[in-house]
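For reference, the structure is listed below as structure tokens.
Atom set for the values below is all heavy atoms of this structure, side chains included, hydrogens, waters and symmetry mates excluded. Naming convention: chains lettered A, B, ... in sequence-line order (proteins, then strands); numbering from 1 in each chain.
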Amino acid sequence: MQNRHSSAPVSLTLPARRHSNFQIVWSVLFILTFLGSYRLAQVKPLLLLEPEGRRNIWRFVTGMFPPDLSWDFVSLLGRPIIETIQLSLMGTFMAVVIGFPLGLLATRSLTFTGILNEREMVDSRRSVFLLRKGTYLLVRAILSLFRTIPEFVWAFMFVRAVGLGPFPGVLAIGISYAGMLGKVYSEILEHVNPGPLESLQATGASRLTILLYGLLPQALPNLVSYTLYRWECAIRASTILGFVGAGGIGQQLEISMRMFNFNQVLTLVAILFVMVAGVDVLSAKVRRTILSRSSV
Amino acid sequence: MYVLNQICKIFDSRTVAVRELDLKIGRGERVALIGPSGAGKTTLFRMLNLTIPPTSGTLLFDGLDSRHFSGRRLREVRRRIGTIYQQHNLVPRLQVVHNVLSGKLGSWPTWRAVQSLIRPTEADLALEALRHVGIADKLYERTETLSGGQQQRVAIARLLAQDPEVILADEPVSSVDPALAAGIVKLLIDLSETHCKTLLMNLHSVDLAFAHFPRLIGLKDGTISFDLPAAAVTDEHLAALYVGSQTEAVEEEIFSRAEPSFVRSCQPHLTR
Ligand SMILES: Nc1ncnc2c1ncn2[C@@H]1O[C@H](COP(=O)(O)OP(=O)(O)OP(=O)(O)O)[C@@H](O)[C@H]1O
Ligand SMILES: [Mg+2]
């Protein structure tokens with residue numbers, strides 16, 4: 001049977017052509033969807049310029065000045081600020097703890113394809129292969145469930161379960177961000193150069209040591225970058241969680257808005273801005289040290 | 001050491017890389033594989049080091065059928081086979097010392113591997129291996145900062161740290177200068193001679209193959225074109241091996257010269 005091939009090296013049968021037709025169809029579909037959404041989502045920028053809208057925006061903006069810097073108000077904010085930082089930090093930490101192992105299981109090149117699994121693909125180990133693929137699909141489903149449900153819905157549920165305060169917020173961020181981290185981790189790990197993994201495998205290294213010596217060192221900068229970015233997002237998310245009673249700056253923000261104290265809102269937004277910027281600076285620093293460190 | 005019987009490797013059910021290959025390699029033997037680009041040399045090595053399974057055929061390693069290996073047993077067998085890859089396949093962000101010591105991963109328990117990543121446990125072993133290939137000063141350098149030829153030598157040092165029974169060297173001298181190339185080939189030859197290690201080497205340099213190996217195998221289109229003692233390989237054999245695989249210009253040149261020995265010297269990496 002193989003003799004049929006033996007006249008010349010098998011040539012490629014122009015797969016590029018078929019691919020590009022496929023791409024054209026998808027591009028057209030995408031453009032149609034985009035135009036359709038523009039209409040259906042009722043995007044009418046002019047609405048912003050109508051007198052009614054203009055007047056409301058004006059009232060809101062002028063109401064914010066001057067920001068409320070009175071000691072009575074500012075002295076109230078120490079606790080919420082600390083709470084917000086703790087909440088975002090613990091939430092992100094929990095997301096990493098849950099998301100990382102799930103991310104490993106959701107990585108194709110670890111579970112059932114690629115060089116690390118070449119031997120499992122052989123017919124005699126079919127059942128092992130199917131079991132692995134099943135695990136992979138299940139974990140992916142769990143991860144997407146985690147992130148489909150919005151943070152504040154999770155928070156709402158956890159507030160019911162464990163009561164008001166930062167803890168339900170931690171749980172909410174932990175779970176929903178685990179879904180995002182797990183997915184992105186798995187994508188980062190899948191795009192690592194497989195060559196070094198193959199050479200480690202060839203020395204007789206186990207899967208775990210290949211992970212430690214080949215996969216993680218190659219993926220580390222991206223993994224860390226993305227995790228730090230998620231921490232930044234968690235600070236923002238924690239404000240929304242405050243609205244459903246998860247404490248922190250968000251809760252204060254909700255109170256001030258409800259009371260139409262727009263000058264307090266400005267103070268709070270400024271504080272949030274400083275916090276997010278601070279995390280940004282900090283994560284840039286961490287990223288730089290990790291990138292320049294020569295070991296691991 | 002190896003007995004291959006009717007080995008085929010087909011990628012994606014259409015690219016035939018190796019076809020119906022029969023091969024016997026004895027313990028301690030030194031064999032050079034030569035052949036045009038795309039002949040299947042790398043693919044053959046990946047089957048020989050048990051990372052990819054053949055599509056069909058049987059591969060016996062040390063008398064045992066490779067299909068029966070799995071899990072821990074498979075890893076123990078892989079440990080006995082060391083590979084130097086054409087693309088070096090080092091982990092770029094790790095320090096050289098970790099890349100060299102990763103040759104030990106097959107024999108170390110996991111805790112040992114973790115410990116070494118934090119603080120190299122056998123740094124002196126790594127240093128010794130690097131000294132052999134002449135780059136001892138790079139021990140704590142980050143691997144990606146090294147030149148191509150230096151990385152190739154790190155890969156060889158990793159093999160020295162692994163200390164396998166079989167050495168598969170896929171173009172081990174493709175990115176170093178000719179003088180160093182000869183030195184590295186000699187190093188591997190000496191290693192196999194003094195410790196009776198089996199050595200298989202892919203070479204694009206036919207001269208090096210003739211100079212150092214008693215047995216030459218020509219591989220073309222996934223099959224063996226000749227398998228002879230070095231003394232019995234003639235220019236006709238080489239011409240047949242490389243004909244049709246050159247770019248048109250080179251091919252024309254070969255025939256216009258009408259001097260078969262030219263074929264030998266027009267292989268890449270060979271010209272001084
Ligand atoms: N992973 C793969 N998937 C698909 N095809 C492959 C794969 N690896 C190799 N091939 C094909 O198999 C054939 C042999 O490749 P191989 O790398 O073994 O050649 P080689 O003799 O090592 O060439 P070179 O001297 O250029 O390194 C080529 O046609 C190549 O395209
Ligand atoms: Mg090759």
- Query: If you round to the nearest 0.5 Å, how far is CG of A:Leu212 from OG of B:Ser116?
  - Reply: 11.0 Å

- Query: Taking atom OG1 of A:Thr203 and atom CG of B:Leu101, what is their separation to the nearest 0.5 Å?
  - Reply: 11.5 Å

- Query: At a heavy-atom separation under 4.5 Å, does B:Leu159 approach chain A through its side chain, its backbone, both, or neither?
  - Reply: neither

- Does B:Arg78 use its side chain to pair, donor to acceptor, with the backbone of A:Gly204 at less than 3.5 Å? no

- Counting only heavy atoms closer than 4.5 Å, note whether B:Gln162 contacts chain A via side chain, backbone, both or neither. side chain

- chain A heavy atoms under 4.5 Å from B:Leu90: which part of the residue, side chain, backbone, both or neither? backbone

- Item | Atom CZ of A:Phe93 with >12 non-hydrogen neighbours under 6.0 angstrom | no

- Task: To the nearest 0.5 Å, tell me how far A:Thr209 OG1 sits from B:Arg112 CZ.
- Result: 13.5 Å

- Turns out that what part of A:Leu208 lies under 4.5 Å from chain B's heavy atoms comes down to side chain

- Contacting moiety of B:Arg80, where chain A heavy atoms sit under 4.5 Å: neither

- Note on the structure: Taken to the nearest 0.5 Å, the spacing of A:Gln201 CD from B:Ile52 CD1 works out to 10.5 Å

- Would the number of heavy atoms belonging to other residues, nucleotides or ligands and lying under 6.0 Å from OH of A:Tyr226 be above 12? yes

- Task: Check each atom of B:Thr51 against the heavy atoms of chain A and say whether the ones under 4.5 Å are side chain, backbone, both or neither.
- Result: both

- Query: Would you say the side-chain atoms of A:Ser199 and B:Arg158 include a donor-acceptor pair closer than 3.5 Å?
  - Reply: yes

- Query: For B:Ala113, does its backbone N or O pair with a side-chain atom of A:Tyr213 as donor and acceptor, under 3.5 Å?
  - Reply: yes

- Message: So does A:Gly195 get a backbone contact from the side chain of B:Asn89, meaning a donor-acceptor N/O pair under 3.5 Å?
- Response: yes

- Note on the structure: So, the part of B:Ser107 with a heavy atom under 4.5 Å from chain A: the answer is neither

- Any side-chain heavy atom of B:Leu94 within less than 4.5 Å of one from A:Gln218? no

- With only heavy atoms counted, which part of B:Ile81 is less than 4.5 Å from chain A, the side chain, the backbone, both or neither? backbone

- Reported CD-to-CE distance for the pair A:Glu118 and B:Met47, which is rounded to 0.5 angstrom: 11.0 Å

- Message: Minimum heavy-atom separation for B:Val91 and A:Pro217, please, with both atom names.
- Response: CG1-CB, 3.9 Å

